[in-house]
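Data block below; observations after.
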Number of protein chains: 4
Amino acid sequence: MKSADKHRKIIRAATKVFAKKGFFNARISDVAKEAKVADGTIYLYFNNKFDILLSVFEQEVGKLIEHIGQLLEKESDPQKKLTLFVMLHLEEMKKNRYLAEVIHVELRQTSKLVKEYRKNKFNEYLNIISSIITLGQETGVFRSDIRPEIARQLIFGALDEISIFYTEVSSQYSIEEISSQISNIMQTGLLA
Amino acid sequence: MKSADKHRKIIRAATKVFAKKGFFNARISDVAKEAKVADGTIYLYFNNKFDILLSVFEQEVGKLIEHIGQLLEKESDPQKKLTLFVMLHLEEMKKNRYLAEVIHVELRQTSKLVKEYRKNKFNEYLNIISSIITLGQETGVFRSDIRPEIARQLIFGALDEISIFYTEVSSQYSIEEISSQISNIMQTGLLA
Amino acid sequence: MKSADKHRKIIRAATKVFAKKGFFNARISDVAKEAKVADGTIYLYFNNKFDILLSVFEQEVGKLIEHIGQLLEKESDPQKKLTLFVMLHLEEMKKNRYLAEVIHVELRQTSKLVKEYRKNKFNEYLNIISSIITLGQETGVFRSDIRPEIARQLIFGALDEISIFYTEVSSQYSIEEISSQISNIMQTGLLA
Amino acid sequence: MKSADKHRKIIRAATKVFAKKGFFNARISDVAKEAKVADGTIYLYFNNKFDILLSVFEQEVGKLIEHIGQLLEKESDPQKKLTLFVMLHLEEMKKNRYLAEVIHVELRQTSKLVKEYRKNKFNEYLNIISSIITLGQETGVFRSDIRPEIARQLIFGALDEISIFYTEVSSQYSIEEISSQISNIMQTGLLA
DNA sequence: GATGAATGAGTATTCATTCAT
DNA sequence: AATGAATGAATACTCATTCAT
């Protein structure tokens with residue numbers, strides 16, 4: 001039986017290889033070698049190279065949604081919820097640096113190729129953000145003149161850029177400090 | 001000059017083709033056809049395919065820096081400077097949608113491949129942002145506990161994500177409204 | 001016996017699959033599925049893919065030789081014998097259309113690859129024809145200036161081409177009419 | 001400019017390679033090497049491997065039709081016309097043995113794959129035969145109870161089989177003798 | 001300078017065959 | 001004996017790059 005275990009192993013290997021070389025520069029044989037399977041084995045689990053990339057998003061972003069979603073439920077205050085989300089996202093990206101790079105680089109490629117995709121799994125992730133904004137607006141904590149979709153896009157863009165920048169200059173700043181700065185800028189602004 | 005003219009023509013064509021198909025899916029012959037030159041001609045002006053992409057950044061981002069830099073000089077108030085930068089960036093990205101897409105998608109690929117690159121021409125662009133922050137901190141307008149590099153990255157990430165999102169849902173919001181929302185969030189925060 | 005039974009089942013399946021897709025386009029897994037066995041099982045009965053094709057000829061042509069040989073024995077007149085052979089060959093090819101196609105298409109491929117092969121089992125079949133010619137010459141019914149080997153090849157070529165053509169336009173002509181026309185041309189000629 | 005000369009050179013090479021190894025066993029690089037061009041060059045002239053095979057038929061059979069057609073025009077007697085056709089076909093197949101093998105083996109594969117194909121260029125060739133039969137029937141030389149399409153198929157099958165058999169045992173019989181025997185069987189029959 | 005035909009290295013994918021269960 | 005997941009060799013085709021004209 002084709003094991004779910006091997007499926008995961010290949011996804012994991014692909015995430016690493018795609019992060020290091022980029023999707024287009026990565027060879028199937030690189031992924032196979034990293035996963036310690038034969039080239040042909042990959043095609044027992046995936047239709048083609050691109051399907052592997054889509055599955056990376058599907059599976060890894062799915063796990064993100066579940067994990068972060070659960071932790072956010074415990075918090076009801078919108079302001080604290082947003083601060084928590086920022087913290088969790090950066091934490092997860094730090095833990096899974098390969099995924100961070102694949103999201104940062106390949107997700108954008110992919111979005112172009114599969115216009116609908118981003119509107120599926122990844123959109124679900126982005127909607128965690130907009131729902132926090134909406135909640136805050138409903139409870140009067142956040143300004144009601146801000147468009148949740150714009151804020152969502154803005155926050156994701158900021159976080160994504162930071163998550164890569166952060167890993168590149170990782171020793172300088174603690175994750176708490178960066179999270180705090182981002183939340184501060186977003187919530188109370190830059191003004192003195 | 002004839003030569004510089006053709007150089008620009010190829011850059012322009014490449015920007016369009018790379019934006020539409022992505023760097024890896026674009027063929028040299030696509031660029032050649034778009035620029036209305038023979039395939040071989042391209043190699044009289046560029047060393048290889050990747051060199052074209054680097055030149056796109058070099059030239060187009062160079063023009064951005066010059067253009068936006070000049071306009072920013074006329075403004076001395078840091079707060080207004082930042083608001084103006086946000087506005088100008090979005091405006092330019094709207095005018096040159098192909099460049100916006102290439103920056104959004106290919107710049108990230110490229111950054112990985114040429115680690116030093118971003119520290120050159122594009123870094124110069126990003127530093128426009130951090131210098132505004134620093135100026136604001138020096139004049140006491142902006143909080144001094146914000147790291148200019150973090151703010152820079154955050155602002156670019158937000159703007160870049162919005163500039164693509166904006167063009168996808170372009171009819172809904174005016175550029176002024178979006179600019180205003182971004183500046184608001186950044187400067188006075190989300191809080192009511 | 002269980003084993004010989006499965007051997008036959010695979011041959012039968014292979015004949016059908018090879019006829020439909022052609023030997024090179026057919027996959028072992030196609031044959032396995034058609035025979036309702038696992039891919040690996042096939043290798044318990046055959047050495048490799050090509051061996052299956054050879055076995056198709058070996059077994060199916062063997063059955064032909066036996067069947068047609070027996071019926072021909074009952075007839076002693078060379079002229080009637082030849083007429084009967086034409087009829088029987090077309091009849092068998094009509095009954096087993098898959099075999100007809102495999103002989104028509106794959107036998108020729110195979111003959112090239114295994115030069116000696118045709119001189120074995122299939123040659124035996126062809127020699128049924130030449131022996132009828134020789135008999136006819138000995139009894140003075142057929143002209144003695146005809147080379148039996150040439151006549152043999154000519155008759156097989158004609159029959160084989162007709163047997164495929166026949167199935168493609170099957171509704172138009174009855175098998176008796178076609179047999180009669182062929183025997184007529186061969187024996188009394190086209191002349192009025 | 002893509003030269004017609006190189007197109008022909010590749011066709012010629014492919015005919016030889018396909019004849020020797022068979023279409024499926026032949027590699028594009030074999031054809032390229034035989035034609036003394038690079039692998040990629042082949043794709044400047046043909047869409048894919050199969051397209052080369054179709055072009056072989058298209059071009060070589062086209063030449064056959066033209067050549068044989070011209071010579072047949074000079075003869076008006078149906079009986080002599082048929083005898084001449086048999087002779088010319090065998091002569092051409094002897095001259096271009098590679099084509100003979102490709103027709104003998106690959107045409108049958110191909111007919112299966114491209115049902116309509118045979119009804120185009122090759123059908124035109126086969127119709128030379130049936131038109132001779134029809135002519136003979138109209139002038140009362142040939143029996144009117146013979147179906148031209150059946151006779152056509154029969155004659156082609158016979159000739160094709162003989163043309164391969166002939167080259168395999170070439171030293172034994174002269175082409176005139178074989179032609180004469182075939183024409184004899186076809187026209188005056190086997191009967192003494 | 002300009003061209004575009006020619007090159008050939010590079011790789012995703014297939015599928016006959018094997019072998020642990 | 002039977003299975004079917006795993007293997008990895010094999011190859012059609014692409015496309016960046018070159019160079020003779």
**Prompt:** Are B/M93 and B/L64 close enough that some pair of their side-chain heavy atoms sits under 4.5 Å apart?
**Reply:** yes

Rounded to whole angstrom units, what separation is found between the [atom1] atom of [X] and the [atom2] atom of [N]?
| X | N | atom1 | atom2 | result |
| --- | --- | --- | --- | --- |
| C/K36 | F/dT3 | NZ | C1' | 18 Å |
| D/L44 | F/dC13 | CG | P | 14 Å |
| D/N25 | F/dA12 | CG | C1' | 15 Å |
| A/I10 | E/dT13 | CD1 | C1' | 15 Å |
| C/L53 | E/dA16 | CG | P | 13 Å |
| D/D30 | F/dC13 | CG | P | 14 Å |
| B/F24 | F/dA16 | CZ | C1' | 13 Å |
| A/K33 | F/dT7 | NZ | P | 14 Å |

Tell me the closest heavy-atom pair linking [X] and [Y], and the distance in Å.
| X | Y | answer |
| --- | --- | --- |
| B/K49 | B/F23 | NZ-O, 2.8 Å |
| D/I42 | D/V31 | CD1-CG1, 3.9 Å |
| D/A13 | D/E34 | CB-CG, 3.5 Å |
| C/F57 | C/V102 | CE2-CG1, 3.8 Å |

**Request:** By nearest nucleotide on DNA chain E, pick out whichever of B/A38 and D/I42 is the more 5' one.
**Result:**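 Its nucleotide being nearer the 5' end, the pick is B/A38.
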
**Message:** Let me check I have this right: for DNA chain E, each base becomes ., (, ), [, ] or |, based on Watson-Crick or G-U pairs with both distances under 3.5 Å. What is the full string?
**Reply:** .||||||||||||||||||||

Scan nucleotides 17-21 of chain F against the protein and return all N/O pairs shorter than 3.5 Å with their distances rounded to 0.1 Å.
{"residue": "F/dT17", "atom": "OP2", "partner": "B/Y43", "partner atom": "OH", "Å": "2.8"}
{"residue": "F/dT17", "atom": "OP2", "partner": "B/K49", "partner atom": "N", "Å": "2.9"}

**Message:** I need the B/N25 CG to B/F18 CZ distance, nearest 0.5 Å.
**Reply:**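 So the CG of B/N25 and the CZ of B/F18 are separated by 11.5 Å.
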
**Prompt:** Crowded around C/K36 NZ? As in, over 12 foreign heavy atoms under 6.0 Å?
**Reply:** no

**Request:** Flag yes if more than 12 heavy atoms outside D/K33 fall under 6.0 Å of its NZ atom; otherwise flag no.
**Result:**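 No, the 6.0 Å shell around NZ holds no more than 12 heavy atoms from other groups.
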
**Fill in**
Out of F/dA5, E/dT7, F/dA2, minimum distance to the side chain of C/Y45 belongs to F/dA2

**Item:** Nucleotide nearest A/R27 (side chain, heavy atoms from C-beta), chosen from E/dA5, F/dT7, E/dT11
**Value:**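 Closest of the options to the side chain of A/R27: E/dT11.
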
**Request:** Apply the side chain to side chain contact (heavy atoms under 4.5 Å, CB included) test between B/F46 and each candidate in B/L53, B/I28, B/I11, B/T41; give the one that qualifies.
**Result:**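 Testing each of B/L53, B/I28, B/I11, B/T41 against B/F46, the sole residue satisfying side chain to side chain contact (heavy atoms under 4.5 Å, CB included) is B/I11.
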
**Message:** Categorize A/A32 for me: base, sugar-phosphate, or nothing, with a 4.0 angstrom heavy-atom threshold over every strand shown.
**Reply:** nothing

**Asked** For E/dA2, does OP1 or OP2 lie under 4.0 Å from any side-chain N or O of B/K6?
**Response**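 Checking E/dA2 against B/K6, a side-chain N or O does come within under 4.0 Å of OP1 or OP2.
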
